[in-house]
Engineer: 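Dropping the structure in here first, questions after.
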Amino acid sequence: MRSITTLDLQYAHRFFGFKGEAQYLHGHTGILTIEVEDSVEPGVNMVFPCNEIQKTAWDVLKNFDHALILREDDPLLPAILKVYEEQGIKDGAPHNQMKGPAFHTDLATAYPECRLVVTKETMTVEGMIKIVYDLLKDKLNIAKITFSSGVNKASEEFQTKNRIDRCPLCGIALNENGICPKCGYKKQ
């Protein structure tokens, strides 16, 4: 069975080297749907609480919200960083509160202080699915990710292979010590 949650992301990007409208810097509202698959946990009668899927995903994905996403070879990138430096916001500003932890993967690097994500490939809906799966595959049993942005939409299904011990009282993942971080339950 699956638990399904949705997140909204506001972002700006462009398709560097693309011959069409998307070569210009523009913004989107992206809708990300994550489907987590597992057995129904006895006691709580659910696969995984949707609000906990959202929290787990949002901790990392908030770096994409209200952010600029550019490919690493885009000539706009150094220009943007220069302007941010001149404005004194490259290393963050007091009102920049919606930042997650910085990350660096083979597909993307987040610079939360700058509200910037730099990608290896053009950030398409397909590219976003690859990045999201890469960031969350060890935290959730992701069975499917769908991402829509404007009129563009893509979806990919994945084989679930993680064995995640969950709390029988509230359904969320137990930490490495077998303790529920939400309610304090201890695995026997």
Side-chain angles (χ1 to χ4, degrees), residues 4-36 50-51 53-140 142-158:
I4 302 168
T5 194
T6 302
L7 298 102
D8 292 358
L9 300 168
Q10 311 296 320
Y11 64 95
H13 73 152
R14 78 178 193 137
F15 292 0
F16 173 59
F18 183 75
K19 304 299 181 217
E21 290 300 316
Q23 69 185 306
Y24 296 99
L25 192 58
H26 61 283
H28 285 284
T29 296
I31 309 294
L32 178 71
T33 303
I34 301 172
E35 299 184 26
V36 173
C50 291
N51 63 336
I53 298 169
Q54 269 191 337
K55 279 188 215 172
T56 300
W58 190 247
D59 282 345
V60 175
L61 299 178
K62 65 182 160 187
N63 282 317
F64 292 89
D65 193 45
H66 290 82
L68 177 59
I69 304 170
L70 292 175
R71 207 169 71 191
E72 64 186 2
D73 61 342
D74 192 319
L76 275 180
L77 185 56
I80 294 287
L81 291 173
K82 181 177 184 282
V83 169
Y84 285 3
E85 184 76 42
E86 290 168 359
Q87 288 185 310
I89 63 171
K90 183 177 177 213
D91 297 321
H95 60 276
N96 183 11
Q97 301 296 315
M98 283 292 297
K99 53 188 177 190
F103 64 78
H104 175 77
T105 69
D106 289 341
L107 300 173
T109 302
Y111 300 95
E113 301 299 333
C114 296
R115 307 295 313 147
L116 179 67
V117 177
V118 178
T119 60
K120 290 273 186 195
E121 302 172 339
T122 300
M123 216 300 283
T124 59
V125 289
E126 294 85 357
M128 185 63 153
I129 289 171
K130 288 189 224 175
I131 292 168
V132 169
Y133 183 75
D134 190 46
L135 289 168
L136 297 175
K137 68 183 180 214
D138 296 327
K139 299 175 189 218
L140 297 166
I142 298 172
K144 184 177 181 180
I145 296 174
T146 303
F147 188 63
S148 63
S149 182
V151 298
N152 304 301
K153 189 173 194 174
S155 183
E156 186 169 357
E157 302 223 12
F158 303 94

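Computed over heavy atoms, backbone and side chain alike; hydrogens, waters and symmetry mates excluded.
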Engineer: Mind checking the OH-CG spacing from Tyr111 to Asp91? Nearest 0.5 Å is all I need.
Structural biologist: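 Answer for the OH-CG pair, Tyr111 versus Asp91, is 12.5 Å.
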Engineer: Evaluate the salt bridge (Lys or Arg N to Asp or Glu O under 4.0 Å) criterion for residues Lys90 and Glu113: first the C-alpha distance (whole Å), next the side-chain angles of each, then the deciding distance (0.1 Å), finally the verdict.
Structural biologist: CA-CA 7 Å; Lys90 183 177 177 213; Glu113 301 299 333; over 6 Å; no
Engineer: If you take all heavy atoms of Pro112 and Gly100, which pair is closest and at what distance?
Structural biologist: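 The pair with the smallest heavy-atom distance is CG-O, 3.2 Å.
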Engineer: Would you check if Asp134 and Phe103 make a side-chain contact, meaning some heavy-atom pair closer than 4.5 Å?
Structural biologist: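 When only atoms from C-beta onward are counted, Phe103 and Asp134 do not touch, as no gap falls below 4.5 Å.
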Engineer: For the residue pair Phe147 and Val132, establish whether any side-chain heavy-atom pair is separated by less than 4.5 Å.
Structural biologist: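 A side-chain contact under 4.5 Å is absent here.
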Engineer: Report yes or no: does Arg14 contribute a side-chain atom to a donor-acceptor pair with the main-chain N or O of Gln23 at less than 3.5 Å?
Structural biologist: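 Yes, the answer is positive, given that a donor and an acceptor are paired below the 3.5 Å cut-off.
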Engineer: Dump the intermediate steps for side-chain contact (heavy atoms from CB on, under 4.5 Å) on Thr5 and Val36, then the final yes or no.
Structural biologist: CA-CA 9 Å; Thr5 194; Val36 173; over 6 Å; no
Engineer: Flag the pair Leu140 / Ile53 as yes when at least one side-chain heavy-atom distance between them is below 4.5 Å, and no otherwise.
Structural biologist: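 Leu140 reaches Ile53 side chain to side chain.
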Engineer: Could you walk me through whether Arg71 and Met123 satisfy the side-chain contact (heavy atoms from CB on, under 4.5 Å) test, starting with their C-alpha distance in whole Å, then the side-chain angles of each, then the deciding distance to 0.1 Å, before giving a yes or no?
Structural biologist: CA-CA 7 Å; Arg71 207 169 71 191; Met123 216 300 283; over 6 Å; no
Engineer: Just wondering, are more than 12 heavy atoms of other shown residues or ligands nearer than 6.0 Å to NZ in Lys99?
Structural biologist: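 More than 12 within 6.0 Å, yes.
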Engineer: Step through the shown structure and confirm whether more than 12 heavy atoms of other residues, nucleotides or ligands are within 6.0 Å of CG on Asn51.
Structural biologist: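 Yes - once you tally the heavy atoms of other residues, nucleotides and ligands closer than 6.0 Å, there are more than 12.
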Engineer: Could you measure the distance from the NE2 atom of His28 to the CD1 atom of Ile69? Nearest 0.5 Å is fine.
Structural biologist: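 His28 atom NE2 to Ile69 atom CD1 measures 9.5 Å (nearest 0.5 Å).
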Engineer: Any chance you could lay out the side-chain contact (heavy atoms from CB on, under 4.5 Å) test for Lys153 and Thr146, step after step, and finish with the verdict?
Structural biologist: CA-CA 7 Å; Lys153 189 173 194 174; Thr146 303; 3.6 Å; yes
Engineer: Would you compute the distance between atom CD1 of Ile145 and atom CD of Glu157 and round it to the nearest 0.5 angstrom?
Structural biologist: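 Answer rounded to 0.5 Å: 11.0 Å.
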Engineer: Which heavy atom of Tyr24 sits nearest a heavy atom of His26, and at what distance?
Structural biologist: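 Result for this residue pair: O-ND1, 2.7 Å.
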Engineer: Taking side chain as C-beta onward, heavy atoms only, is Lys139 less than 4.5 Å from Val60?
Structural biologist: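 Heavy-atom side-chain distance check passes, below 4.5 Å.
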Engineer: Do Ile131 and Thr105 come within less than 4.5 Å of each other through their side chains, counting heavy atoms only?
Structural biologist: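 No. Closest side-chain heavy atoms not under 4.5 Å.
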Engineer: Do side-chain atoms of Asp8 reach the backbone of Ile31 as a donor and acceptor pair under 3.5 angstrom?
Structural biologist: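 Answer holds: no.
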Engineer: What I'd like to find out is whether the side chain of Trp58 reaches to under 4.5 Å of the side chain of Leu9, using heavy atoms alone.
Structural biologist: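 Side chain of Trp58 against side chain of Leu9, heavy atoms only: contact under 4.5 Å found.
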Engineer: Which heavy-atom pair separates Tyr11 from Ser149 by the least distance, and what is that distance?
Structural biologist: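 That would be OH-OG, 2.5 Å.
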Engineer: If you round to the nearest 0.5 Å, how far is CG of Leu136 from CG of Leu32?
Structural biologist: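 One finds 8.5 Å between CG of Leu32 and CG of Leu136.
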Engineer: Would you say that Phe16 contacts Leu70 through its side chain, given a criterion of any heavy-atom pair below 4.5 Å between the two side chains?
Structural biologist: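 Of all side-chain heavy-atom pairs linking Leu70 with Phe16, none is under 4.5 Å.
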Engineer: Do you know the tightest heavy-atom contact between Lys62 and Arg115?
Structural biologist: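 Smallest interatomic distance, heavy atoms only, reads O-NH2, 3.2 Å.
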Engineer: Rounded to the nearest 0.5 Å, what's the gap from OG1 on Thr122 to CG on Asp73? Could you check?
Structural biologist: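 Taking OG1 in Thr122 and CG in Asp73, the distance rounds to 7.5 Å.
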Engineer: Are there more than 12 heavy atoms of other residues, nucleotides or ligands under 6.0 Å from atom CD of Glu21?
Structural biologist: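 Open: at most 12 neighbouring heavy atoms sit under 6.0 Å from CD of Glu21.
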Engineer: Compare all side-chain heavy atoms of Asp65 with those of Leu7 and state whether any distance is below 4.5 angstrom.
Structural biologist: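 A side-chain contact is absent here, since even the closest heavy-atom pair is not under 4.5 Å.
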Engineer: Please report the shortest heavy-atom distance between Ala57 and Ile34, naming the atom on each side.
Structural biologist: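 In this case the closest contact between Ala57 and Ile34 is CB-CD1, 3.8 Å.
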Engineer: I'd like to know if Glu126 pairs up with Lys130 as an ion pair, taking the criterion as any Lys NZ or Arg NE/NH1/NH2 lying under 4.0 Å from an Asp or Glu carboxylate oxygen.
Structural biologist: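 The answer is no: the pair does not qualify as a salt bridge.
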Engineer: Applying side-chain contact (heavy atoms from CB on, under 4.5 Å) to His13 and Thr119, what does each step give before you reach the verdict?
Structural biologist: CA-CA 11 Å; His13 73 152; Thr119 60; over 6 Å; no
Engineer: Using 0.5 Å steps for rounding, measure from the CG atom of Leu81 to the CD1 atom of Ile89.
Structural biologist: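 One finds 10.0 Å between CG of Leu81 and CD1 of Ile89.
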Engineer: Taking all heavy atoms of Cys114 and all of Tyr84, pick out the closest pair and write down the distance.
Structural biologist: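 Taking every non-hydrogen atom into account, O-CE2, 3.3 Å.
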Engineer: Would the distance check show the side chain of Asn63 and the main-chain N or O of Pro101 forming a donor-acceptor pair, the cut-off being under 3.5 Å?
Structural biologist: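 Checking the backbone N and O of Pro101 against the side chain of Asn63, a donor-acceptor pair under 3.5 Å is found.
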